[in-house]
Amino acid sequence: MNFFIAPVQGHTDAAWRHFHHKIYGGDQRYFTPFMRLEHGETRLKDLRDFTNSLNDVISLEPQVIFSNCAELDILVGSLVAKGANAVNLNLGCPFPPQMSKGRGAAFIRNIKEAEKLPEIIAKYPDVKFSIKMRVGMENPDEWKEIIGILNSLDLDNLYVHPRTARQKYSGELYLDSFAEILEGSKNPVVFNGEIKTVEDIDVIKSKFPAINGVMIARGILGRPSLISEYAEGNWEREKRLETMVRFHNELFEYYKTILFGESQIISKIKPFWEYAEKEIGRKAWKAIRKSTTLPKYQAAVASLN
């Protein structure tokens, strides 16, 4: 099974990726949070995350979000200049601020621009491209309008989240639409969506044995040991929590060396637990969320041991 860790804004930065790999190991591929243009150039903060030396020990693919192929060309060019040999195109972001600009999932409907993708990709023969997408913006059949164009591309992978953009991250998974994409795609297809347990992985692999792996986002934030557990068998809760706290502590200590002031440190580290309520228990989760000082925060985390 191939594993891919999807990017989550505000969570999976270079430090998170580095210490996750240090603690849990594995050969999974990580992705940067999406990179976009600002004032006509690739945002410097995005480039810094990609070029951070903490990335040196992991398999990393930068992700870009764009409204047209002119933007895409600038983004890819800047990444190639920084040494990128693979780029992921985000056609799946469901958030209105991005879709209102024609980015993310909204790009699926922009067939005129999508028809230019082969031209842009051809400009970079040494780069492996992949695409992350939804099945549509409002209905699960919209992918049919763009699949012919995608099949004309030589993609490393097509990552498919079988929900519409309107659903964001809840509601029905359109598994029939995913099955059609899997059957009709000329590129390898990876399943993305609602992978939270080892059993979830087994179910998807059983339903779709032809997939080229699974992509995990919120599931790995809530249970960072998930990929390790797939390889080794389910861990006891005590081991999961002990290892998760160790992961947190490494990340926490690093943030304390690069951030200044209690407020900055707390606002940076607290999101570590955002998706972990089920894993750590509601009482501890609420205590962490409510903590406003470092002593209170550290006491809440210490209660997990």
Side-chain angles (χ1 to χ4, degrees), residues 5-25 28-36 38 42-58 60-65 82 90 93 95 97-98 168-169 216-227 240-305:
I5 297 184
V8 180
Q9 293 285 334
H11 293 269
T12 58
D13 61 7
W16 187 95
R17 299 187 300 260
H18 174 86
F19 290 109
H20 180 269
H21 186 267
K22 177 181 177 180
I23 297 298
Y24 295 100
Q28 61 274 353
R29 186 183 307 171
Y30 297 83
F31 293 76
T32 68
F34 64 68
M35 309 172 73
R36 63 175 177 84
E38 189 171 70
T42 305
R43 286 198 307 177
L44 290 179
K45 64 176 292 188
D46 296 340
L47 285 174
R48 284 195 294 268
D49 181 70
F50 173 64
T51 59
N52 194 308
S53 61
L54 291 174
N55 295 319
D56 291 351
V57 297
I58 65 173
L60 179 66
E61 187 169 336
Q63 183 183 98
V64 297
I65 195 167
K82 296 295 184 180
N90 183 325
C93 179
F95 293 109
Q98 295 303 322
K168 293 185 179 176
Y169 298 99
I216 312 172
R218 293 166 298 146
I220 206 76
L221 293 174
R223 189 167 174 167
S225 56
L226 180 53
I227 296 173
R240 297 202 310 269
L241 285 181
E242 184 277 328
T243 310
M244 190 175 189
V245 170
R246 186 154 50 92
F247 172 26
H248 162 271
N249 290 346
E250 293 258 12
L251 190 60
F252 184 41
E253 291 302 316
Y254 173 78
Y255 284 149
K256 289 196 292 185
T257 68
I258 64 169
L259 299 173
F260 300 96
E262 189 172 86
S263 178
Q264 276 195 17
I265 296 169
I266 289 179
S267 64
K268 186 67 175 176
I269 193 63
K270 280 173 70 173
F272 179 89
W273 307 101
E274 182 175 349
Y275 297 100
E277 179 181 355
K278 184 176 180 179
E279 186 73 345
I280 68 176
R282 184 163 181 78
K283 183 178 179 180
W285 184 77
K286 286 181 68 175
I288 289 170
R289 283 176 59 88
K290 290 181 177 180
S291 58
T292 55
T293 67
L294 282 179
K296 289 181 179 178
Y297 174 79
Q298 289 174 289
V301 173
S303 72
L304 296 174
N305 292 321

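For the numbers below, each heavy atom of this structure counts, side chains included, while hydrogens, waters and symmetry mates do not.
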With side chains defined as the heavy atoms from C-beta onward, is the minimum distance between L251 and I269 less than 4.5 Å?
-> yes
Which of N52, T12, D49 passes side-chain hydrogen bond (donor to acceptor under 3.5 Å, both in side chains) with R17? Answer is D49
To the nearest 0.5 angstrom, please state how far the CG atom of L226 sits from the CG atom of L221.
-> 11.0 Å
Please check if the side chain of S267 supplies one atom and the backbone of Q264 the other of a donor-acceptor pair under 3.5 Å.
-> yes
Tell me, do D46 and T32 make a side-chain contact under 4.5 Å, heavy atoms counted?
-> no
Shortest non-hydrogen contact from A217 toward A6 = CB-CB, 3.7 Å
F272, W273, F19 screened by ring pair (Phe, Tyr, Trp, His ring centres under 6.0 Å) with F247, the one that passes | F272
A284 to S303 - nearest heavy-atom pair and separation = CB-OG, 4.3 Å
How long is the gap from CZ on R223 to CZ on R240, to the nearest 0.5 Å?
-> 4.0 Å
Are any non-hydrogen side-chain atoms of I258 and K268 less than 4.5 angstrom apart?
-> no
Just wondering, are more than 12 heavy atoms of other shown residues or ligands nearer than 6.0 Å to CZ in R246?
-> yes
Report yes if the side chains of Q28 and H21 come closer than 4.5 Å at any heavy-atom pair, otherwise no.
-> yes
Tell me, with the steps shown, if V8 and W16 meet side-chain contact (heavy atoms from CB on, under 4.5 Å).
-> CA-CA 11 Å; V8 180; W16 187 95; over 6 Å; no
Any side-chain heavy-atom pair from S225 and Y24 closer than 4.5 angstrom?
-> yes
Value for CD1 (I58) from NE2 (H18), rounded to nearest 0.5 Å, stands at 9.0 Å
How long is the span from the NZ atom in K256 to the CD1 atom in I265, to the nearest 0.5 Å?
-> 7.0 Å
Are any non-hydrogen side-chain atoms of P271 and Q9 less than 4.5 angstrom apart?
-> no
Mind checking the CG-NE2 spacing from L241 to H248? Nearest 0.5 Å is all I need.
-> 13.0 Å
Only counting residues at least two apart or in another chain, list the ones meeting side chain to side chain contact (heavy atoms under 4.5 Å, CB included) with S291.
-> K270, K296, Y297
Could you walk me through whether M35 and L47 pass side-chain contact (heavy atoms from CB on, under 4.5 Å), step by step?
-> CA-CA 8 Å; M35 309 172 73; L47 285 174; 3.7 Å; yes
The side chain to side chain contact (heavy atoms under 4.5 Å, CB included) partner of F252 among V301, V245, L294 is L294
At their closest point, which heavy atom of N90 faces which heavy atom of F34, and how far apart are they?
-> ND2-CD2, 3.9 Å
Side-chain contact, heavy-atom cut-off 4.5 Å: I288 with I280?
-> yes
Under 6.0 Å between the ring centres of W285 and Y275?
-> no
Stepwise side-chain contact (heavy atoms from CB on, under 4.5 Å) check, K45 with E38 = CA-CA 10 Å; K45 64 176 292 188; E38 189 171 70; over 6 Å; no
Work out which heavy atom in A14 is nearest to a heavy atom in L54; give both atom names and the distance.
-> O-CB, 4.0 Å
Inter-residue atom distance M244.CE - E279.CD, 0.5 Å rounding | 6.0 Å
Within a strict 4.5 Å, meaning less than it, do heavy atoms of the T42 and F50 side chains meet?
-> no
Distance-only side-chain donor-acceptor flag, H20 / Y30, under 3.5 Å = yes
